[in-house]
Amino acid sequence: MQVTSQDIEWMTRALRLAARGLYTTTPNPRVGCVIVNNGQVVGEGAHLKAGEPHAEVHALRAAGEQARGATAYVTLEPCSHFGRTPPCADALVNAGVSRVVVAMQDPNPLVAGNGIARLQSQGITVAVGVCETQARALNPGFIQRMTQQRPYVRLKVAASLDGRTALANGHSQWITSAAARKDVHHWRAQSCAIVTGIASILQDDSSLTVRDVNTPRQPLRVIVDSQLRIPIDAKVLQDGNALVAYAQGDAAKLEMLQVMGVRTLQAPNAQGQVDLAVLMQALTALPCNEVLIEAGATLNGAYMQTGLVDELLLYYAPKLMGHTARGMFALPELAQMSDVRDLNIQDVRQFGQDIRIQAKFQF
């Protein structure tokens, strides 16, 4: 595969276009396309919403006849099947492009190399793998849902420097600054669902909506509530865009929730708690690509023990709250250091006086 510095330049432009769909394309992947003829961009586009034209279609429409003999740069393999829209591979063939540069193969089994094969069968030169690392980083949830049949799960915690998330009496607003909280809303906006526990709802009555971010879409709010204790007038339920996962509960309250348009999922485990693995399967089926957990130490610890967490978002404020304050994760006591989970730090950034650490587990 012969790749030039210009290929990287144009693919980088396509990746920036793909990022325009960061908050809106779910459950589809974020994809960008740039069409170049004689060193000039003649068309470009991004996929912004499921059911609407894909990036290649937008770019081809803009290019018109100038697409003939051009090179198309696409951040994800062009689709080869009929879904809500016709195959993009056929659109590229019909437009007469001579070369297609693809950042990564589509993990969707319905495509998975078929789009590339379709292009090559029509005499189009195809190069695959240009800026693949960056392309994969744009779609961790879509890739994981297609390859592992589960969403990509981030767990967010706001804590003091000594790792405390609330005072002993439950008070926690606000540990981190407005700048850090605004950053959290960007993670909410790109998530398909936000998961919290009933204890957090009873303590704070938070709405878990996206604010301070310009997006037309609100993620599904999921409340893990084993005994169905959630108040009917809880803010998180008021627009009906919520799911309550429970183990057992009052039939009358269950009916009221359903009348309000709230989804319910009964998923008990052997301990009478919500089976988190079953909940994740349900979110996969909706389908959800990315899930953000914003909960207390108990649910955080339960998720950590399931092995379902892919990434941690840890916000640390320059405060000390003392050993009696509540911790970040309720986990079993470890007897030796060999049992400690190691993390790989992916990124460290400062928001106001707060620090955000992004980390993944070592395996």
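Both backbone and side-chain heavy atoms feed into the values below; hydrogens, waters and symmetry mates do not. Numbering of residues begins at 1 and proceeds along the displayed sequence.
A donor-acceptor contact closer than 3.5 angstrom links the side chains of T264 and Q258.
Counting heavy atoms from C-beta outward, V97 and L119 have side chains that stay 4.5 Å or more apart. Between E294 and V184, some side-chain heavy-atom pair lies under the 4.5 Å cut-off. Within the 4.5 Å cutoff, the side chain of P140 has no heavy atoms near those of the E311 side chain. Within the 4.5 Å cutoff, the side chain of W10 has no heavy atoms near those of the T71 side chain. Residues R188 and L208 are in side-chain contact: their nearest non-hydrogen atoms beyond the backbone lie under 4.5 Å apart. L60 has its side chain within reach of I35: a pair of non-hydrogen atoms, C-beta onward, lies under 4.5 Å apart.
Listed by chain and residue number, M260 satisfy the side chain to side chain contact (heavy atoms under 4.5 Å, CB included) test with Q238 (two or more places apart in sequence, or in another chain). The side-chain hydrogen bond (donor to acceptor under 3.5 Å, both in side chains) test applied to R326 returns no partner, not counting sequence neighbours. By the side chain to side chain contact (heavy atoms under 4.5 Å, CB included) test, T12 is found to be paired with I8, R16, C131, residues two or more places apart in sequence or in another chain being considered.
Closest of all the heavy-atom pairs between A159 and T165 is CB-CG2, 4.2 Å. Taking each heavy atom of A158 and I175 in turn, the nearest pair found is O-CD1, 4.0 Å. The minimum heavy-atom distance between S226 and V274, with the atom names listed, is OG-N, 3.3 Å. Counting all heavy atoms, side chain and backbone alike, G296 lies closest to S200 at N-OG, 3.6 Å.
A cation-pi contact, defined as under 6.0 Å to the ring centre and within 45° of the axis, is absent between R30 and F142.
For the pair T75 (side chain) and L15 (backbone), a donor-acceptor distance under 3.5 Å is absent. In this structure a side-chain-to-backbone donor-acceptor pair under 3.5 Å is present from E77 to D106. Under a 3.5 Å cut-off, the side chain of E9 and the backbone N or O of M11 do not form any donor-acceptor pair. Under a 3.5 Å cut-off, the side chain of E52 and the backbone N or O of H47 do not form any donor-acceptor pair. With S98 contributing its side chain and G69 its backbone, the two residues share a donor-acceptor pair below 3.5 Å. Proximity of a side-chain donor or acceptor of R164 to a complementary backbone N or O of A325 within less than 3.5 Å is detected. At least one donor-acceptor pair under 3.5 Å links the side chain of R217 to the backbone N or O of Y23. In this structure a side-chain-to-backbone donor-acceptor pair under 3.5 Å is missing from N139 to I143. A donor-acceptor pair under 3.5 Å links the side-chain atoms of N300 to the main chain of M328, judged by distance alone.
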Item to check | Full working for salt bridge (Lys or Arg N to Asp or Glu O under 4.0 Å) between D225 and K253 | outcome: CA-CA 13 Å; D225 182 10; K253 179 179 283 189; over 6 Å; no

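Note that CG of N169 and OG1 of T324 are 9.5 Å apart. Values are rounded to the nearest 0.5 Å. Within the model, atoms OG1 of T209 and CD1 of I194 stand 8.0 Å from one another, a figure rounded to the nearest 0.5 Å.
Comment: D354 does not engage R181 in a salt bridge, judged by the lack of any side-chain N to carboxylate O separation of less than 4.0 angstrom. A salt bridge links D310 to R150: one of the charged nitrogens lies within less than 4.0 Å of a carboxylate oxygen.
Of the options V153, N289, V291, a side-chain contact (heavy atoms from CB on, under 4.5 Å) to L283 is made by V291 and by none of the others.
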